[in-house]
Every structure is written in structure tokens, then in C-alpha cells.
Amino acid sequence: MLAQHVGAPARPVVLVGQKVKKGELIAAAHGNISAPLHASTSGTISAIGEITAPHASGLPGMAISIDADGDDAWLESERVSDPFALSPGEIAARVAAAGVVGLGGATFPSSVKLNLGRRSKIDTLIINGSECEPYLSCDDRLMRDRAADVVSGIRLMLIATGARQARVGIEDNKPEAIAAMREAVRRFGEIIVELVPARYPMGLLPLEMSARIRHGEMESAVALGLSDCIACGCCAYVCPAHIPLVQYFYHAKGELSARQRTQLRSEATRKMAQARQERLEREAREKAEAAARRKAERSAQQAALKTVAVAAAVTRIAAGESA
Ligand code: SF4
């Protein structure tokens, strides 16, 4: 699928019939918020076009199809000997080229966040090692099994963002992950593991939210906790009626952010109009003040000339009398 991330869909850079290796670029990022796609296996490009999206909505979506050759052969690529010697820009560029996006549900391109350090100074990088729902265990498992890799990733993010330190929040009900991460960060004083209490968003009512969204009642969906929904898909997975709940939530979030953008645009237009009005009034005021100043200067000049003329006349008369 060309849209596996938020932002603009990727654009195909391959042709039907072309042979590709696993990991080869098949669609390039397009726009500021986008991510490229790479071949998931080796084979021949068999189609580029709409397919039924592999999600419960069954809606069509643009995709590149590969006729797998069964070899699953990787594209040869150059490895970086020392990733920690890369510059912040190089790290972000490599993450962008790899098509890395967030896996928390929003699928936001990671390189955009890594580049934030260029725009504003970042002091602390917060690493969310908490699960957002009971029974989720992917972060827990990752920290237990790959703590050293997680710490390497954090160190690279520190370089890329220019942040001074990183704080890793792990829920206090994950003792194995806490121990593994504490051991892994021992040599790196700039990374601190923090215990946080286990809390989960409560009261999310997926069916009720989807019903409100169907009726266009976005605000009531928000009141029911739409903003806390991470679109993990668990509710849709267990829904006996196979309602495409997550697609409703995506739609509603898109609709709400479009409304917010419109609101921000009108607010910006209103502020611009107000600033223009204030500027025009200020210019008119300054013009009137300058005209009044000039008039006063002219009157003062005329008065001075008059005084000089009178004094000259008096002098002349006095001179005539004495003669
Ligand atoms: S997709 Fe469903 S289960 Fe997952 S966070 Fe949203 S409402 Fe909860």
C-alpha cells in the first residue's frame, strides 16, 4: 500500500515487469510528511494500482504488487561502520530513507521528529516505554530482549535531536524490563530510566464512539475519549459485527484535524485583517499628526518672520527720527 503512514502517499518509482530485490526502494516519499516504501520480498512488479485494502473497511487503496520469486533475496547495501560518528542530519536522512514511521498507531514519519532539533532547542528526549492498554506487551518484550539495541537507538536520537538527556519511562509493573534497561544504560549517564505508575486510558467506548461518528457528532466522540484512541485495532479485531471501528476513528480524527486547520486559517485571516486595520489607523493618525506638526511649524515660522519685519520697521523709523 502506498499510504502506510500519515501524510502524503509514497509515489511509485518502479514499473510493471521490473525485477526487484527485497529492501529495494519501490516508492519514494512525497512532500514534507511522507515515507518511502521498499520491496517486502524479491520478485517482479506485477501491478501498480488499486487493490482492496487489507483492513476491515474493504475500501480500495493504491498499492504495488510483487510476484514473489521465492528467493527472498536482499538488495546489497553498504553498512555504516560507526553510526555514532554520523552527523545529526545524516542520522535523520538515513531514518527517512529507511521509511521508518512510528508504530504507536499514528504511523508518523520518524525523521520529521528527529529534525525538530534544527528548529528549536530540545533539552530532554522522553522515551515512552509504557504500554497504553492492559495486556499489551510489545514494548515490555522489546526492552527485556533488546535493551542494548533500544539504548543504541536512544543514543542516536540524542545525537540527531541535540537533546542533552533522555528519560525512559517504564511502568512499575514491568520489573524485568526495568532491570534490563537499567543494566543497558549503566555506561550512559545521559540516559535515565524512570519508573512511572501503570495507568491506562479508561472509559473508551469504541462502539458508542463509532455510532457518534456515523452521525457526524465528532465532539461527542471526542468527549467519549476519541483523542485517547491510538487506533491499535483491538476493538475492531474482537468486534462480532466486524464493524470497521478503526476506520471510523481515523476518519473522525482526519475530519477533526481538517476542522482545526480551517479554524486556525480563519483565526490567522482574522488576525491579519485586524493587523491591517490597526496599521491603516496608525498610518492615518501619524499622517494627521505630521500635518499638524507642519502647520504649527509654518505658523511659528510666519510669526517669527513677522516679528523680524516689525523689528526692522521699528529700527528704520527710529533711524529716520534721529536723522
Ligand atoms: S482502536 Fe479500539 S481498542 Fe484500540 S485504542 Fe482505539 S478504541 Fe481502544
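Order of appearance sets the numbers: ligands from 1, and atoms from 1 within every ligand. Worth saying up front: this structure is predicted, and the values here are computed from it rather than measured.
- For R259 and E219, the salt-bridge test passes: some basic side-chain N is under 4.0 Å from an acidic carboxylate O.
- Using modelled atom types, one finds a donor on one side chain and an acceptor on the other under 3.5 Å when comparing D69 with S42.
- Applying the salt bridge (charged side-chain N to carboxylate O under 4.0 Å, His left out) rule to R141 yields the partners D145; only residues at least two apart in sequence or on another chain are considered.
- Ion pair E281/R285 not flagged as a salt bridge, since none of the NZ, NE, NH1 or NH2 atoms sits closer than 4.0 Å to an Asp/Glu carboxylate oxygen.
- Using a 4.0 Å heavy-atom criterion, the residues that approach ligand 1 are E133, L204, P206, C229, I230, A231, C232, G233, C234, C235, F249.
- The shortest non-hydrogen separation linking K174 to E131 is CE-CG, 3.4 Å.
- R294 and E297 are not joined by a salt bridge, as no carboxylate oxygen comes within less than 4.0 angstrom of a charged side-chain nitrogen.
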